[in-house]
Each structure stands twice: as C-alpha cells, then as structure tokens.
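Side chains are part of it too, since the values below use all heavy atoms of this structure and drop only hydrogens, waters and symmetry mates. Computed from a prediction, not measured in an experiment: that's the story for all the values here.
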Amino acid sequence: MSWYKPADVGFAVRSKLADLGLGARLFFQLVGQGARSLRRFGLVRDQIHFLGNYSLAIIAVSGLFVGFVLGLQGYYTLQRYGSSEALGLLVALSLVRELGPVVAALLFAGRAGTSLTAEIGLMKAGEQLSAMEMMAVDPVQRILAPRFWGGVITMPLLAAVFSAVGVIGGYVVGVLMLGLDAGAFWGQMQGGVDVWKDVGNGVAKSIVFGVAVTFIALLQGYQAQPTPEGVSRATTRTVVVASLTVLGLDFMLTAMMFSI
C-alpha cells in the first residue's frame with residue numbers, strides 16, 4: 001500500500017513553488033518601493049524607532065556580556081602563548097567580523113522580527129489589509145515597505161552598538177579586572193583592525209542580515225493564516241527560518257569575503 005499519492009506530491013510541490021513565486025514577487029516589490037519609501041521618510045523613521053529603540057536594551061546588554069566572555073576566554077588563551085597584549089585585537093576582530101553582526105541579527109529576529117510578523121498577521125486577520133486594497137491603497141507600499149527599509153537601516157546600527165559595547169566589556173575584563181595594560185589593549189586593536197576589510201565586511205554582513213530577517217518576518221506575516229493559530233505559527237516560523245538563514249548567509253559571506 002502506498003503511503004502517498006502522486007496527486008498529493010504534485011499539490012505540495014505546486015504549493016511550494018507558488019510560495020516561492022509570491023516571496024520573490026514581494027521582495028522585488030519591496031526593493032522597488034525603496035525610493036518612494038525614503039521620500040516619505042516619516043514612515044521609515046517611525047519604524048526605525050519602533051524596531052531599533054525597543055531592541056536596543058537587549059542588544060546592548062547582550063553585547064556587554066559577550067564582551068565579558070571574550071575578554072576572559074581570550075585572556076587565558078593568549079596568556080599560554082605570552083600574547084595577552086593582543087586581547088584587544090582578539091576582542092575587536094571577533095566582534096566586528098562575526099559575533100557583532102551574527103548575534104545582533106539573531107536577537108533582532110527574536111525581538112523585532114516576531115513583532116513585525118505578529119503585527120502584519122493581526123492586520124491580515126482583522127482584514128485591515130483587505131480594507132486598504134478596497135480603498136485603492138497598496139498595503140505593500142503603505143505598510144510593508146516602510147517596515148522593510150526601517151529594518152534594513154536599523155540592523156547595521158544595532159550591530160555597531162553590539163560591537164562597541166562588546167569592546168567596552170572586553171576592556172573592563174581585560175584592563176580593569178585582569179590588569180592588562182590599557183595602552184597595549186587599545187594599541188593592538190588600532191593597529192590590527194582594518195577599517196575596510198574588517199569593519200566594512202562586518203557592516204556589509206549586517207546589511208545583508210537586515211534585509212533577510214526583515215523580509216522573512218514580513219513575508220511570514222503577509223502569508224499567515226488569518227486566525228490566532230496561524231499568526232502564532234507564523235511568528236514561530238519567523239524565528240526559526242530567520243535564524244537558520246542568518247547562520248547560512250554568515251558562512252557564505254565569510255567564505256567570499258575572507259578567502260579572496
């Protein structure tokens with residue numbers, strides 16, 4: 001006895017292809033609305049405040065503790081080889097290259113991404129998006145595009161805050177607690193961190209992560225079933241899909257950036 005029917009397989013494949021087509025179409029619509037959204041910057045500004053301001057606390061606190069851990073682990077590891085003066089360089093490179101963009105994006109997905117999905121999903125469940133279409137107002141242009149570009153702008157700023165606070169955390173542990181020379185800490189960091197290769201690549205990563213996480217959150221909310229269960233499932237999918245996407249993109253971007 002067959003466990004599946006060919007018709008069921010064909011229906012599932014067709015549904016997935018339709019979802020991919022809808023996602024690609026929505027993505028190009030959001031990108032195409034960039035100039036128009038930036039001209040009406042008040043809407044984007046409100047989303048930057050909503051997404052960035054309410055995510056700032058968890059980003060800053062997480063960055064501080066990540067810096068603490070990097071300072072402790074890095075100091076004891078470098079001390080084995082007599083290179084504890086390079087702690088500042090280790091902390092800075094770890095944060096600006098990898099941990100800053102990646103951890104900030106994961107926190108952004110859990111805090112801001114779920115809020116976007118729930119907000120759009122509730123609008124859909126309350127038929128607000130359909131009402132806008134009936135009034136000849138494009139919900140993609142009026143609702144989704146400002147949130148998309150707000151997330152894209154916010155993500156690099158949050159990653160920068162995460163990295164900066166993390167460096168301060170490494171300084172507190174390395175210099176104030178473990179007695180490392182402050183001049184060596186900052187001097188090694190300034191001499192070893194390249195603005196374009198290290199900081200620039202970290203900023204590029206954070207922009208890509210911002211695009212991916214914000215788009216996934218909006219797409220899941222836009223495709224959510226208009227029921228409480230549908231919105232909750234869409235919110236869960238946002239965290240899972242966005243987190244896996246960030247980790248996969250990080251590997252690919254690292255392979256391209258630092259292997260050339």
Side-chain angles (χ1 to χ4, degrees), residues 23 26-27 30-31 34 37 43-67 69-70 94-122 143-169 199-224 231-232 234-254 257:
L26 179 62
F27 177 77
L30 293 173
V31 172
S37 297
L43 297 175
V44 179
R45 181 199 58 211
D46 293 341
Q47 296 306 315
I48 293 174
H49 177 268
F50 173 73
L51 299 174
N53 187 51
Y54 295 125
S55 302
L56 187 59
I58 187 173
I59 291 290
V61 173
S62 300
L64 184 64
F65 282 105
V66 168
V69 173
L70 280 176
S94 300
L95 286 169
V96 300
R97 282 186 174 185
E98 292 296 329
L99 292 178
V102 173
V103 179
L106 295 176
L107 294 172
F108 183 76
R111 172 59 182 87
T114 53
S115 298
L116 286 175
T117 301
E119 185 179 14
I120 302 301
L122 290 174
I143 301 297
L144 299 185
R147 286 162 173 78
F148 175 76
W149 289 104
V152 172
I153 296 172
T154 301
M155 184 61 238
L157 301 177
L158 293 176
V161 170
F162 186 97
S163 299
V165 176
V167 170
I168 294 174
V199 179
N201 287 340
V203 172
K205 280 186 177 183
S206 63
I207 293 174
V208 173
F209 296 159
V211 171
V213 171
T214 310
F215 171 70
I216 289 171
L218 293 175
L219 178 64
Q220 294 299 330
Y222 197 61
Q223 290 183 325
V231 175
S232 65
T235 305
T236 303
R237 284 197 304 269
T238 294
V239 178
V240 175
V241 175
S243 300
L244 294 177
T245 301
V246 166
L247 296 175
L249 286 174
D250 178 57
F251 170 74
M252 292 187 289
L253 290 172
T254 302
M257 292 175 175

CD1 of Ile143 to CD of Gln47, rounded to nearest 0.5 Å, is 8.5 Å
Tell me which pairs pass side-chain hydrogen bond (donor to acceptor under 3.5 Å, both in side chains) where either residue lies in residues 151-165, with sequence neighbours left out.
none
Before you tell me yes or no, could you show the steps for Arg97 and Lys205 under side chain to side chain contact (heavy atoms under 4.5 Å, CB included), namely the whole-Å CA-CA distance, both residues' side-chain angles and the distance that decides it to 0.1 Å?
CA-CA 9 Å; Arg97 282 186 174 185; Lys205 280 186 177 183; 5.5 Å; no
Restricting to side chain to side chain contact (heavy atoms under 4.5 Å, CB included), what partner residues turn up for Gln223, sequence neighbours left out?
Asp19, Leu22, Leu219
Could you tell me which non-hydrogen atom of [X] sits nearest to which non-hydrogen atom of [Y], and how far apart they are?
| X | Y | value |
| --- | --- | --- |
| Leu51 | Ala112 | CD2-CB, 3.7 Å |
| Val165 | Ala60 | CG1-O, 3.3 Å |
| Val241 | Thr245 | O-OG1, 2.6 Å |
| Ala118 | Val231 | CA-CG1, 4.1 Å |
| Gly113 | Ala217 | O-CB, 3.4 Å |
| Thr114 | Val239 | CG2-CG2, 3.2 Å |

Could you go through the side chain to side chain contact (heavy atoms under 4.5 Å, CB included) check for Leu107 and Leu158 one step at a time?
CA-CA 10 Å; Leu107 294 172; Leu158 293 176; over 6 Å; no
Over 12 foreign heavy atoms within 6.0 Å of CZ, Phe50:
yes
